Amino acid sequence: STKATATSTPDSDDSNDNGDPEALSPQLRDQILKRCSDLHGSIMPMNEKLQGPLAKNSDKGTSLPFVFLVGNHSSGKSSFINFILGRDVQTAGVAPTDDYFTVVAPGPEDTDKDGPALIGDPDMGFSALRQFGPTLIHHTQLKVRAETNTPSFMMIDSPGMIDSPVSQAGMQQGYGDSGNSMDRGYDFQGVVRWFAERADVVLLFFDPDKPGTTGESLNDLLHSLSGMDHNLLIVLNKADQFKKIHDFARAYGSLCWNLSKVIPRKDLPRIFTMCLPNKTDGTDGTIGAGLQDLHQTRDDVVGEVMKAPKRRVDNIITHLNDSVHLLLMHAQISQDVQMKYSKLVWNNRVQELGSLTAGVGLSVLSFYASLPMEFTGGMTAVTVLGVGGMKWFNNSKLAEAENQLLTMEELSAAFQRTHTREISDADEFTASIWQRIRDNLQLSLKSAGMDSIAILVVITTIF
């Protein structure tokens, strides 16, 4: 295994921070992290009451910063991890080599632990993965390795993304499908989202053979990695394998075309085109010969990876801000829908109460007017039957109204009512927040029922 050179891997020790005016002391860094954790924990009770969009234990971080790698199989994720670590840890190959989420952590000696031991260790910070079930637990593992280039952070490898035979046959296509695939026996998109939300750097790998054509990769980019622009790097690896510049142009264009389907922006993010060192590098006559920018780009990616510990504070603050906005929008739209529903309920109750009052008044009036008892009894019976029928009719119409209010069209209308100014300003951040919460919002409102929904805390107290 070729070790990352000193120029490629800026050392992660803090000795270089003395000249950096923005450098934080370890004590101040710990205070900031603890304060952010406390603030995040303070909004979790409200999230639970509202059945909000924040995942359970999302306020709990991992023991060390980490870099998360995801992408196609044979795209070079395992080789890149070995390159960064400076030793062979992961098995690399053209075919899928394993189907595990592998946590590679620094330690005093080499040890391996299975999934139950990793997730059962509260100090590691992965206990929340239990929510994805036993299949995932048995498809995770921990590798502790000594004498690596990464003594202050972890690397997490993921199973290579592939298309199932059903997808390849064209029966499971459509990148807009928000349904969670259970082809692996667990919610793969949900697990990727869980790791990505907590990662300090996320690397999404593509390779020349499958430049963005694997549906699972695009689905994960759309559903699991949305909102991760601040720490997501898109990498086209193995660029030295192209024999002709024409082949490179076609692969790069194909990747951009496919990414444009799932990234709703006119300008695509930067694609880091790189390659790893090999014995024939620069002498085999491929496009890699003489293209030093591939190596420079690799150094840029390595530099971002090595910044993972220093980015932990920024990412924790960003995660807290993101969580607050997600919960805030969930509460605002829930309140808007609840107010509209309550208005319908109030109007129905006023009608029923008015009919009941009128009927009782006529019955009392007929009694004091000494009208025949048959007339008085008839008025009472008509009142009871009329109010009962009205109540039944109103309840049936209310049920229809509830179903209508919880359609995605009505929820989108509620979003437009509560965020008129942001929409008029074309606020992309607000739009992305809405895209991320709308499915969970609809599900939580349907499961709770409109009658049991209550905004228990004034929205402004979220801050």
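Position 1 is the first residue of the sequence, and the numbers go up from there. Just so it is clear, the structure is predicted and the values come from calculations on it, not from any experiment.
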Rounded distance [0.5 Å steps], [atom1] in [X] versus [atom2] in [Y]:
X	Y	atom1	atom2	result
Lys238	Met274	NZ	CE	10.5 Å
Thr62	Arg198	OG1	CZ	9.0 Å
Ser79	Ile84	OG	CD1	12.0 Å
Leu405	Glu410	CG	CD	6.0 Å
Leu50	Leu445	CG	CG	9.5 Å
Lys77	Asn82	NZ	CG	12.0 Å

(message) Suppose we screen for ring pair (Phe, Tyr, Trp, His ring centres under 6.0 Å). Which residues come up paired with Phe101, at least two apart in sequence or across chains?
(response)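 With neighbours one apart ignored, the set is Phe188, Phe195.
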(request) Would you please name every residue forming a ring pair (Phe, Tyr, Trp, His ring centres under 6.0 Å) with Phe66, sequence neighbours left out? (result) none
Within the distance-only criterion (no hydrogens, no angle test), does the side chain of [X] pair as donor or acceptor with the backbone N or O of [Y] below 3.5 angstrom?
X	Y	value
Thr297	Asp293	yes
Asn315	Arg311	yes
Arg312	Leu64	yes
Asn231	Val202	no
Ser254	Ala251	no
Asp240	Cys275	no
Asp157	Thr102	no
Ser158	Leu69	yes

(request) Hey, could you give me each pair passing ring-ring contact (aromatic ring centres under 6.0 Å, His included) that has a residue in residues 32-54? Not counting sequence neighbours. (result) His40-His319
Compare all side-chain heavy atoms of [X] with those of [Y] and state whether any distance is below 4.5 angstrom.
X	Y	value
Asp200	Val67	no
His139	Pro159	no
Arg250	His246	yes
Val104	Thr148	no
Lys307	Glu304	yes
Pro65	Met154	no
Thr407	Gln404	yes
Asn149	Phe83	no

So which atom in [X] and which in [Y] form the shortest heavy-atom distance, rounded to 0.1 Å?
X	Y	result
His419	Gln332	NE2-OE1, 3.0 Å
Gly107	Val144	CA-CG1, 3.5 Å
Ser152	Pro106	N-CG, 4.5 Å

(message) Hydrogens and angles aside, do Lys143 and Gln90 bring a side-chain donor and acceptor to less than 3.5 Å of each other?
(response) yes
With sequence neighbours excluded, tell me which residues meet side chain to side chain donor-acceptor pair (under 3.5 Å) with [X].
X	result
Thr140	none
Asp112	Arg145
Asp425	none
Asp110	Arg87

Mind checking what makes side-chain contact (heavy atoms from CB on, under 4.5 Å) contact with [X], not counting sequence neighbours?
X	answer
Ile317	Ile32, Cys36, Val313
Glu109	Thr111
Asp427	Glu422, Phe429, Thr430

(message) Taking Arg436 first and then Asp322, would you say they form a salt bridge - that is, a charged N and a carboxylate O separated by under 4.0 Å?
(response)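 So Arg436 pairs with Asp322 through a salt bridge.
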(message) Within the supplied structure, the quantity of interest is the number of heavy atoms (other residues, nucleotides, ligands) at a distance under 6.0 Å from Met408 CE; does it exceed 12?
(response)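 Atom CE in Met408 is packed in, count exceeds 12.
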(request) Answer yes or no: are there more than 12 heavy-atom neighbours, outside Arg421 itself, under 6.0 Å from its atom CZ? (result)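 No, CZ of Arg421 has 12 or fewer neighbouring heavy atoms, counting only those of other groups under 6.0 Å.
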Anything under 3.5 Å between a donor and an acceptor, one on a side chain of residues 118-136, the other on a protein residue two or more places apart or in another chain? List them.
{"residue": "Asp121", "atom": "OD1", "partner": "Asp123", "partner atom": "N", "Å": "3.0"}
{"residue": "Ser127", "atom": "OG", "partner": "Ile119", "partner atom": "O", "Å": "3.1"}
{"residue": "Gln131", "atom": "NE2", "partner": "Ala128", "partner atom": "O", "Å": "3.0"}

(message) Before you tell me yes or no, could you show the steps for Ser75 and Phe80 under side-chain contact (heavy atoms from CB on, under 4.5 Å), namely the whole-Å CA-CA distance, both residues' side-chain angles and the distance that decides it to 0.1 Å?
(response) CA-CA 9 Å; Ser75 59; Phe80 184 76; over 6 Å; no
(request) Mind jotting down which residue pairs meet the salt bridge (charged side-chain N to carboxylate O under 4.0 Å, His left out) criterion with at least one end in residues 327-338? Sequence neighbours excluded, please. (result) Asp336-Arg417
